[in-house]
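Here's the structure, in structure tokens; my notes come after.
Numbering of ligands and ligand atoms starts at 1, following listing order.
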Amino acid sequence: MRHRFHALCPYFAMFPESFAEQWIARLTKPGDVVLDPFCGRGTTPFQALLMGRKAIGGDINPVAYCVTRAKTNAPAPAVLRRRITCLENAFDSNQWESKRRKLPPFFRYAYSPSTLRQVLFVRDRLRWRESDVDCMLAALVLGSLHGECDKSSAYLSNQMPRTISTKPDYSVRFWEKHGLRSPKRDIFALLRDRVCFRYETPPPDSRATVLELDFRDLPRRLAHSTNGLRCVVTSPPYLDTTNFEEDQWLRLWFLGGPPKPTYRRISRDDRYENPAFYWQFIADMWRVLGCTLALNADVVIRLGGKNLSSRSIVDGLMDTSTFARRKVKLISSYVSRIRGRQTEAFRPGSQGCRFEVDCHFRVH
Ligand SMILES: C[S@@+](CC[C@H](N)C(=O)[O-])C[C@H]1O[C@@H](n2cnc3c(N)ncnc32)[C@H](O)[C@@H]1O
């Protein structure tokens with residue numbers, strides 16, 4: 001059975017666990033350390049733990065940090081249930097009505113009044129950066145915050161995609177045009193149900209190191225724990241394919257952000273949106289790996305991008321690898337077509353990204 005934590009919260013441009021599993025099995029043995037400096041929803045670190053490896057994950061996006069940390073530092077379900085009951089007992093619906101009314105119109109279309117009061121309360125109370133218990137509860141809410149409510153009662157919102165948060169004005173127009181109403185959900189009952197569902201597969205015994213950071217800070221943050229770091233399985237941002245801040249604005253709001261899409265608030269580094277600067281971004285990745293990895297380390301990179309040929313991806317990775325200031329050898333590369341086309345599904349007419357390239361390098 002697939003581990004139920006894998007799909008705890010969807011993430012745009014995520015890779016499947018089979019990708020991480022295959023490379024971790026091929027390149028490491030139990031006890032080895034696996035790093036993903038752009039960990040997104042945390043598939044590499046979580047899969048590494050499941051396979052008895054040690055794991056380090058980093059990402060600049062608070063959504064990625066929260067979800068990865070929840071999966072790889074999971075508290076016992078009994079503790080989660082106790083915390084849910086505590087929250088439920090402390091909830092006073094009346095106290096949240098004025099806050100609910102002050103939110104932009106999007107929220108009133110997206111959530112029923114009683115659900116939104118609960119969401120506001122839970123958002124205010126969860127100390128997800130300080131506590132593993134609250135981090136898991138926050139990640140479970142993130143996974144249920146929006147989605148196809150006509151298909152599943154596990155979503156709190158009116159009809160929305162589950163992978164990305166659609167923009168407020170577009171969403172309101174869509175709901176009005178189709179006469180769609182927000183469902184009435186009880187967040188505490190939903191959280192109990194989600195705990196039951198996700199913990200049907202037991203969490204791994206060991207825990208990962210998860211860092212909320214710009215990858216360029218990795219050498220400083222990992223200064224004491226890089227010994228023996230011989231395997232990286234990662235997927236940096238694809239060229240001009242998605243803006244992680246805009247596409248996850250609603251989840252970022254739940255984690256304490258403003259109630260609207262924002263740009264360059266989390267990271268000013270927008271080089272992955274621009275063909276002129278993209279390879280400088282990737283060169284920085286190599287610079288970081290060059291001073292972080294042990295001798296003879298393996299680096300597996302899955303990469304795609306709008307208007308990039310597979311050849312230019314492989315060449316771009318090889319050319320920029322000189323910035324590692326180490327001998328870097330390409331061992332293999334493999335091109336695959338993207339099935340499912342997430343971009344097209346949620347942005348009709350979008351060019352999206354049609355294929356990805358998997359490259360395996362050895363860093364001497
Ligand atoms: C292609 S996604 C990785 C998806 C991941 N493999 C998964 O399965 O969910 C690229 C990730 O890089 C992160 N990112 C973008 N700029 C970053 C930076 N400067 N430092 C660290 N992470 C960054 C994004 O937040 C995003 O999560």
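- Between atom 4 (C) of ligand 1 and the options A13, P10, A64, the minimum heavy-atom separation is to A13.
- Remark: side-chain polar atoms of R326 are not paired, donor with acceptor, to backbone N or O of A324 under 3.5 angstrom.
- The shortest N or O to N or O distance between R41 and ligand 1 is under 3.5 Å.
- With a 4.0 Å heavy-atom cut-off, ligand 1 is reached by the backbone of F38 and by its side chain too.
- In terms of protein heavy-atom proximity, atom 15 (C) of ligand 1 is nearest to P237 CG, 3.4 Å.
- Judged by distance alone, the side chains of T43 and E17 never bring a donor and an acceptor atom under 3.5 Å apart.
- Listed for the T115 side chain is a donor-acceptor partner under 3.5 Å among the backbone atoms of R185.
- For atom 7 (C) of ligand 1, the closest non-hydrogen atom on the protein side is M14 CA, 3.5 Å.
- Between D59 and ligand 1, at least one N/O pair is under 3.5 Å apart.
- Distance alone, capped at 3.5 Å, places no donor-acceptor pair between the D132 side chain and the P75 backbone.
- The parts of F15 lying near ligand 1 are both backbone and side chain, judged by heavy-atom distances below 4.0 Å.
- For ligand 1 and N61, the ligand atoms under 4.0 Å from any heavy atom of the residue are 25 (O).
- Under 4.0 Å from ligand 1, the heavy atoms of L213 that appear belong solely to its backbone.
- When only interatomic distances are considered, the shortest N/O to N/O separation between F215 and ligand 1 falls below 3.5 Å.
- We find that R83 and D134 are joined by a salt bridge, their nearest charged nitrogen and carboxylate oxygen being less than 4.0 Å apart.
- For the 3.5 Å distance criterion, the side chains of Q47 and H3 fail to qualify, holding no donor opposite an acceptor.
- The ligand atoms of ligand 1 that sit less than 4.0 angstrom from a heavy atom of P236 are 1 (C), 10 (C).
- Protein heavy atom nearest atom 22 (N) of ligand 1, with residue, atom name and distance: I60 N, 3.3 Å.
- Taking distance alone, with nitrogen or oxygen atoms compared against 3.5 Å, Y11 approaches ligand 1 more closely than that limit.
- Figure legend: R162 and Y155 shown without cation-pi pairing, the cationic atom not lying both under 6.0 angstrom from the six-membered ring centre and within 45 degrees of its axis.
- Nearest to atom 10 (C) of ligand 1 by heavy atom, out of P16, S235, G40, is S235.
- Of all heavy-atom pairs spanning A138 and C66, the tightest one is CB-SG, 3.9 Å.
- Close contacts of ligand 1 with C39, meaning ligand atoms under 4.0 Å from a residue heavy atom, involve 5 (C), 7 (C), 9 (O).
- For R194 and F197, the positive end sits near the middle of the six-membered ring, less than 6.0 Å away and at most 45° from its axis.
- No hydrogens or angles considered: nothing links the side chains of Y111 and Q118 as a donor-acceptor pair under 3.5 Å.
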